[in-house]
Student: 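Take this structure first; my questions come after.
Only this structure's heavy atoms are used, side chains among them; waters, hydrogens and symmetry mates stay out.
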Amino acid sequence: MTYPLPPLNALRAFEAAARHLSFKLAAHELHVTPAAVGQQVKALEARLGVRLFDRLHKQLILTPAGQAYLPGISEGFRHIAEATSQLKPAGAVLLQLGVHGSIDLRRLDLAEFRSAHPDIGLRVLQPAGLHELVEGKVDLLIARGPSRHPGYRCDRIDEASGLGDWLIAPEGTADCPEVASFRAWLRALQAETPPANRRPRLVGIGGR
């Protein structure tokens, strides 16, 4: 059976904006810009042929159609989240990795890590930021930004100057076997691949 679904990104934007009654707060939750949320909602309204929000001055209000639509969409996402939480990745230990939205996951070659570490079940959340790390939704995070976060170990994972990408883990768990294995694997990518043949991917770890 084929389900006639609107684009899931548009549904996520609508559901978050409807819960917060704010494009700005929805954007913060989804790690996108408020304009992107507004565009997704507008595209969804065009596809459905109904107006979901009344956009007043500095205020967002659900229309009757939006109010009727929200419970079913929220319930659908809840069922998806619950079904996903029941899945157990292969491996005795679960490692939850957060990744900022600008990274193409294909660059990370995560299948290579999973193959090399069958005892670690790797699950990825993207987009993710410090908020997810602080709340415990992920165990470690690949983030773009400054190198200092009190209470966290931050390791540089690219060779560029400026802000760059960092592997961030709470100091209390930064040396857990599964976290240390992922950090060492990233180091190995740099050491094992000659510069002339290096593919565009994360290339190594800087010092503490």
Student: For the residue pair Pro127 and Leu30, establish whether any side-chain heavy-atom pair is separated by less than 4.5 Å.
Tutor: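 Side chain of Pro127 against side chain of Leu30, heavy atoms only: no contact under 4.5 Å found.
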Student: By side-chain contact (heavy atoms from CB on, under 4.5 Å), which residues pair with Leu125, not counting sequence neighbours?
Tutor: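 Scan of Leu125 (side-chain contact (heavy atoms from CB on, under 4.5 Å), adjacent residues dropped) gives Ala128, Glu132, Val138.
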Student: Return yes if some donor-acceptor pair links the side-chain N/O of Arg144 with the main-chain N/O of Ser102 below 3.5 Å, else return no.
Tutor: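 No: the side chain of Arg144 does not pair with the backbone of Ser102.
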Student: What about Val50 and Leu11, same hydrophobic cluster or not, with Ile/Leu/Val/Met/Phe/Trp/Tyr joined at side-chain heavy-atom distances under 4.5 Å?
Tutor: yes
Student: Verify, without hydrogens or angle tests, whether Gln126 (side chain) and Gly98 (backbone) share a donor-acceptor contact under 3.5 angstrom.
Tutor: no
Student: Would you say the side-chain atoms of Thr63 pair up with the backbone N or O of Asp54, donor to acceptor, closer than 3.5 Å?
Tutor: no
Student: Less than 4.0 angstrom from a charged side-chain N to a carboxylate O is my criterion; do Asp175 and Arg153 meet it?
Tutor: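 Looking at Arg153 together with Asp175, the answer is yes, because their closest N to O distance falls below 4.0 Å.
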Student: Report yes or no: does Glu45 contribute a side-chain atom to a donor-acceptor pair with the main-chain N or O of Phe53 at less than 3.5 Å?
Tutor: yes
Student: Specify the closest pair of heavy atoms between Leu44 and Tyr69, including all atoms of both residues, with the distance to one decimal.
Tutor: CD2-CE2, 4.4 Å
Student: Just by modelled atom types, is the Leu25 backbone N or O under 3.5 Å from a matching donor or acceptor in the Ser22 side chain?
Tutor: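 Yes.
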Student: Is there a side-chain contact between Thr33 and Phe23 in this structure, where contact means two heavy atoms from C-beta onward sitting under 4.5 Å apart?
Tutor: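 No, their side chains stay 4.5 Å or more apart.
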Student: Less than 4.5 Å apart, side chain to side chain, heavy atoms only: is that true for Phe182 and Ile120?
Tutor: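 No; the side chains remain at least 4.5 Å from each other.
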Student: Any Lys/Arg nitrogen of Glu178 or Arg123 sitting under 4.0 Å from an Asp/Glu carboxylate oxygen of the other?
Tutor: no
Student: Does the Ser74 side chain pair with the main chain of Leu70, one donor and one acceptor, at a distance under 3.5 Å?
Tutor: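 Looks like yes, one N/O pair under 3.5 Å.
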Student: Verify side-chain contact (heavy atoms from CB on, under 4.5 Å) between Val41 and Arg55, making sure each step is shown before the conclusion.
Tutor: CA-CA 12 Å; Val41 170; Arg55 297 157 176 83; 3.5 Å; yes
Student: Does Glu15 pair with Arg12 as a salt bridge, N-O distance under 4.0 Å?
Tutor: no
Student: How about Leu97 and Ile142: do any of their side-chain heavy atoms sit closer than 4.5 Å?
Tutor: yes
Student: In terms of relative ring orientation, are His131 and His28 parallel, tilted or perpendicular, with 30° and 60° separating the classes?
Tutor: perpendicular
Student: Is Leu60 reachable from Leu48 through a run of I, L, V, M, F, W or Y residues, each pair having side-chain heavy atoms under 4.5 Å apart?
Tutor: yes
Student: May I ask you to test the Leu141-Leu167 pair for a side-chain heavy-atom distance under 4.5 Å?
Tutor: no
Student: Please tell me if the side chains of Leu140 and Ile168 come closer than 4.5 Å, counting only heavy atoms from C-beta onward.
Tutor: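 Counting from C-beta outward, Leu140 and Ile168 never come under 4.5 Å.
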Student: Applying a strict under-4.5 Å side-chain criterion to I, L, V, M, F, W and Y, I'd like to know whether Leu56 and Leu62 cluster together.
Tutor: no
Student: For Ala17 and Ala26, work out which heavy atoms get closest and say how close.
Tutor: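 For Ala17 versus Ala26, the nearest heavy atoms are N-CB, 3.5 Å.
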Student: Determine whether a donor-acceptor pair (N or O, by modelled atom type, separation under 3.5 Å) exists between the side chain of Arg183 and the backbone of Ala174.
Tutor: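 Yes, the answer is positive, given that a donor and an acceptor are paired below the 3.5 Å cut-off.
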Student: Can you check side-chain contact (heavy atoms from CB on, under 4.5 Å) on Gln59 and Ile61, steps first, answer last?
Tutor: CA-CA 7 Å; Gln59 189 176 11; Ile61 298 176; 3.9 Å; yes
Student: Which atom pair, heavy atoms only, marks the closest approach of Asp165 to His100?
Tutor: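 Minimum heavy-atom separation between Asp165 and His100: OD1-NE2, 2.9 Å.
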Student: Under a 4.5 Å cut-off applied to non-hydrogen side-chain atoms, are Glu75 and Ile73 in contact?
Tutor: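 Sidechains of Ile73 and Glu75: no contact.
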Student: Taking atom CZ of Arg114 and atom CG of Leu95, what is their separation to the nearest 0.5 Å?
Tutor: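 Separation between the atoms: 10.0 Å.
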Student: Does the Asp139 side chain pair with the main chain of Gln96, one donor and one acceptor, at a distance under 3.5 Å?
Tutor: yes
Student: Measure across His117 and Ser181 and return the closest heavy-atom pair with its distance rounded to 0.1 Å.
Tutor: CE1-CB, 3.9 Å
Student: Hey, what do you get for CD (Glu171) to OH (Tyr152), rounding to the nearest 0.5 Å?
Tutor: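 Here the interatomic distance stands at 9.5 Å.
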